[in-house]
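A quick write-up on the structure given underneath.
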Amino acid sequence: MITPESYFRLRPSVAMVPMDDDKWQFFQGNSRRSKIFKLAPPLANALRLLDGHHSLTSAGKLSMADLMHLTELVTVLHRKCILEDATVADRIAKSPWRRVINFLGDYIPSLEVENAFSRLGNATAIVIGIGGVGSWVATQLCQSGFKKFILIDDDKVEISNLNRSLYSQSDIGKKKTEALTDRMQAINADIDVKGISKNIKDAIDLKQLIASVEDRAIVVNCADYPSVDATSSVVDEACKVSAIPYVIAGGYNLHLSLIGMSVLPGKTACYHCGRLTLEAQQGDDLNDMRKLARPWRNIGNLAPLAAITASFAANEVIRIAVADSRLPPAMVNRRGEFNFLTGEIHFVNLPPRSDCGCMAV
Amino acid sequence: MAVDHPFLRDGIDVYIRGDSEVHFVFLATRKRIIVKVKPFLIQSLAWLEGKEGAATLADRIALVHGDDGRKQFVAFLGYLEHNGIVIEPNWLTHSGLSKKALDTQQRQLSFFLDVIGSPAGAIQAQKKISDAKLVVFGVGAVGSWLVRQLLGLGFRKFVLIDGDHIDEADIARHAFFVASDALSTSKKATAIAKRIREEFDDVEIVAKDEPLTTNTSLESIIDSNTALVINTADQPYIGYTSVLLSRHCVPRNIPLLVGGGFNAHLGSLSELIVPGVTPCADCYADYFQEALKDWQPIVHPVSARQDAAGGLCSLSVFAAGSATMKILRYFLGQREIEGGRGELLFDDYHLETFSVERNPNCKACSVL
């Protein structure tokens, strides 16, 4: 409840810019979004005083603004993430996670943002495949405030992994699950990591595993063996029964830098909806042709491609875990591709399909 | 030229239409080469596994299709080699790269081969990377992830300059720190250099625990062996430090990468300044001074704002990743380098980009 005795301040990452005709632009620096309001001069002057040390009453008096109007305006601007509660801001400034919380503060009002952030810590991130992309995803989530992880991979660290994963020389020969657990716990000793060093071959295994998670689970598929398609199909099957959200981190085996998609089973297009649309599109000029069969191949990859793909997957897991309609996942019903040569992102829309049978339509 | 044991390399898909049209699809770049050839040449593609000699294969062709067939096959092979479709299977054996570099970088060398199209070019690019000395100002969030990715690419020689202490909040966004580092008395540059030496072989790292200021002796830090300077030093702000570095680097023909990741540019694509080719930091500063002349925020009511900045580790990694890509493209010999800026908008991941031209009257770079 915002009252005349509340203390608010203009969020430090927001720029307040005068425009013509009593209009003001509020530019949120973290997300580069702008909101424009037309304000009577006394109200604008009152906002310019909101440094966290003036109550609304005091700011209203000094600027001769109507207190009821000012309280209403502050309520709206707080909801729009332009102003923040001074007590909350003080608390956030003392948190080691202040950067993350302040970032979320561009989307979620200050009086709710601490709760929103704590939802990251209460979710369980299940990362399947912790190689080139997965090691980056898990580490970034660990550095974003996630505290519960299940890491699944049956591989050991090999020297050929070092060019693109987050493992180092001293990890060679260790199980990936152990090496990454050690690394993540060195970053944050408070996290709970369960490493499962086996290959999830079918959905039954994964279903059982998900069922054993008591918290909200979010699955990220970073496994590319035998192919991203094959592993995504397994993930989809395991997740759809209990409507567990999943993010396909994309990959690099035959698809160099894919982004997404994110799936909220039953609500948004699933992996198979996407596959059907992509198959129909890819068919355009190659489907009447024979493909020369080639055995297993060594396809190129490098660090920044893995890192960029992983950064989007981490963004998406954060957005899903925040569970707030003001910051929804951005990769639902579409997939993106980052082009190494041009630095451009190209998106393809993948709507829910009635012929898929996943009930998202 | 003529390869001894022709090998249809891994990064190419082959599609065949009818009996005489082949599409070679380059997986890394999506480039496609379409050729129309005789059916027997298409059939011969399945033989190009790097196991049999070119002469043996040509003899086999000649048995059925005569000398004319042999000539056509040899010409076809030459064409495939010229376009980087067919290579020697053991193209890395005589590369001169160390065994460790080969073992570590095999997937990357495949990528280079895809992008550059020739084995010699791919090997040369990797060597250039391992020999290059990079001077990095600022190793905070974006700077550290940049260095981490450059190490992944095989860069080994760094000078790291940063005057900051390690703060507890850094752990949540940094590439190298672990929780116990917040208790350490080491400064960032020294702490990172130590960790890199522990985790990577064959590195040459110099750490300088000092901020970049007008008193910094750039002449001694950026010596003539410097291949590239990277700036992520955002104190007092990035535009200021970039102009300082650009005025030093541009006349000496040293490229400068200006990283993103700071206030209001969390998902910036970064700018590569190539002297005489792209705008320099002064060109950018002049451009934005003009472009933003009507955009004047009020003095912010909150005066101490540094602890209130927002950021996500994943955005730092993205900004570092796109900067790393720019650096790599430069090292791979990309000629066309456009000036401009790009920002990833978090709402929908739209990349907002626009180009900036060199300022013909720039005091700093117009003489080049």
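Hydrogens, waters and symmetry mates play no part in the numbers below; they use all other heavy atoms, side chains included. A note on names: the letters A, B, ... follow the listed sequences, proteins ahead of strands, and every chain is numbered from 1.
- In terms of non-hydrogen atom pairs under 4.5 Å with chain B, the most contact-rich of G52(A), S160(A), C142(A), G336(A) is S160(A).
- The minimum heavy-atom distance between Q108(B) and L302(A), with the atom names listed, is OE1-CB, 3.8 Å.
- No part of A141(B) comes within reach of chain A, as not one of its non-hydrogen atoms sits under 4.5 angstrom from that chain.
- The residue among E21(B), E199(B), K100(B) with the most heavy atom pairs within less than 4.5 Å of chain A is E199(B).
- In this structure, CG on L315(B) lies 7.5 Å from OG on S311(A), to the nearest 0.5 angstrom.
- Heavy atoms closer than 4.5 Å to chain B are found in the side chain of I318(A), but not in its backbone.
- For L166(A), the parts lying under 4.5 angstrom from a heavy atom of chain B are both the backbone and the side chain.
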Quiz item: Can you list the steps and then say if W136(A) with Q149(B) is a side chain to side chain contact (heavy atoms under 4.5 Å, CB included)?
Solution: CA-CA 11 Å; W136(A) 284 88; Q149(B) 293 185 39; 3.6 Å; yes
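- In this structure, F347(A) has its ring center no closer than 6.0 Å to that of Y349(B).
- For Y107(A), the part lying under 4.5 angstrom from a heavy atom of chain B is the side chain only.
- Residue V22(B) does not touch chain A at all, counting heavy-atom pairs closer than 4.5 Å.
- Considering all non-hydrogen atoms of both residues, E343(B) and R32(A) come closest at CG-NE, 3.7 Å.
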Practice problem: Just do the side chain to side chain contact (heavy atoms under 4.5 Å, CB included) check on N315(A) and F318(B) with the steps written out, would you? | Solution: CA-CA 10 Å; N315(A) 289 342; F318(B) 174 82; over 6 Å; no
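- For L332(B), the part sitting under 4.5 Å from any heavy atom of chain A is the side chain, from C-beta outward, and nothing else.
- Counting heavy-atom pairs under 4.5 Å between each of T324(B), D103(B), L344(B), L150(B) and chain A puts D103(B) at the top.
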Exercise. Apply side chain to side chain contact (heavy atoms under 4.5 Å, CB included) to the pair V17(A) and I298(B), showing each step before the final yes or no.
Key: CA-CA 6 Å; V17(A) 191; I298(B) 58 156; over 6 Å; no
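- For the set V14(A), N163(A), D51(A), N30(A), the count of heavy-atom pairs under 4.5 angstrom toward chain B peaks at N163(A).
- How far CD of E168(B) is from CH2 of W97(A): 9.5 Å, rounded to the nearest 0.5 Å.
- Cation-pi geometry between R319(A) and F346(B) is satisfied (NZ or CZ under 6.0 Å from the ring centre, within 45° of the ring normal).
- F338(A) CZ to S322(B) OG: the interatomic distance, rounded to the nearest 0.5 Å, is 5.5 Å.
- Between chain B and the options Q25(A), M19(A), H53(A), heavy-atom pairs under 4.5 Å are most frequent for Q25(A).
- For E352(B), the part sitting under 4.5 Å from any heavy atom of chain A is the side chain, from C-beta outward, and nothing else.
- For Q296(B), the part lying near chain A is the backbone, with the side chain staying farther off; criterion is any non-hydrogen pair under 4.5 Å.
- Ranked by heavy-atom pairs under 4.5 Å with chain A, the list S314(B), G321(B), S316(B) is led by S314(B).
- In this structure, the portions of I171(B) lying under 4.5 Å from any heavy atom of chain A include both its backbone and its side chain.
- Ranking Q306(B), H174(B), Q334(B) against chain A, the residue ahead of the rest is H174(B), based on heavy-atom pairs under 4.5 Å.
- Looking at K326(B), neither its backbone nor its side chain comes within 4.5 Å of chain A, counting heavy atoms on both sides.
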Quiz prompt | Stepwise salt bridge (charged side-chain N to carboxylate O under 4.0 Å, His left out) test for D167(B) and R98(A) | solution = CA-CA 12 Å; D167(B) 181 273; R98(A) 57 181 177 255; 3.3 Å; yes
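- Distance check, rounded to the nearest 0.5 Å: CD of Q169(A) to CD of E198(B) gives 13.0 Å.
- Residues N161(A) and T104(B) have side chains not in contact (no heavy-atom distance under 4.5 Å, counting atoms from C-beta outward).
- At least one side-chain heavy atom of R334(A) sits less than 4.5 Å from a side-chain heavy atom of D348(B).
- The candidate with the highest count of non-hydrogen atom pairs below 4.5 Å against chain A, out of F177(B), F200(B), W145(B), is W145(B).
- Considering every non-hydrogen atom in both V178(B) and A186(A), the closest pair reads CB-O, 3.3 Å.
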Practice problem: Let me see the working for I308(A) and M325(B) under side chain to side chain contact (heavy atoms under 4.5 Å, CB included), right down to the final yes or no. | Solution: CA-CA 10 Å; I308(A) 286 175; M325(B) 295 264 211; 3.6 Å; yes
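- To the nearest 0.5 angstrom, N102(A) atom CG is 13.0 Å from R305(B) atom CZ.
- Of all the listed residues (G311(B), A323(B), A169(B)), the one sharing the greatest number of non-hydrogen pairs under 4.5 Å with chain A is G311(B).
- Classification of the W295(B)-F27(A) ring pair by plane angle, with boundaries at 30° and 60°, yields perpendicular.
- Interface summary for chain B: among A307(A), A314(A), S13(A), A15(A), the most heavy-atom pairs under 4.5 angstrom belong to A307(A).
- Scanning all heavy atoms of the two residues, the minimum distance from R164(A) to R107(B) falls at NH2-NH1, 3.3 Å.
- Interatomic distance, R173(B) CZ to I187(A) CD1, rounded to the nearest 0.5 Å: 14.0 Å.
- Between D307(B) and R99(A) there is no salt bridge, since none of the side-chain N atoms of the basic residue sits less than 4.0 Å from a carboxylate O of the acidic one.
- In terms of heavy-atom proximity, C313(B) sits nearest to Q140(A) at SG-CG, 3.9 Å.
- Neither the backbone nor the side chain of L102(B) comes within contact range of chain A, judged by heavy atoms closer than 4.5 Å.
- For the pair R9(A) and A308(B), the tightest heavy-atom approach, listed with the atom from each and the gap, is NH2-CB, 4.0 Å.
- Residue with the most contacts toward chain B among I159(A), N188(A), L141(A), L162(A): I159(A) (heavy-atom pairs, distance under 4.5 Å).
- Looking at L10(A), both its backbone and its side chain come within 4.5 Å of chain B, counting heavy atoms on both sides.
- When S168(A), P304(A), G29(A), S95(A) are compared by the number of non-hydrogen pairs under 4.5 Å with chain B, P304(A) comes out ahead.
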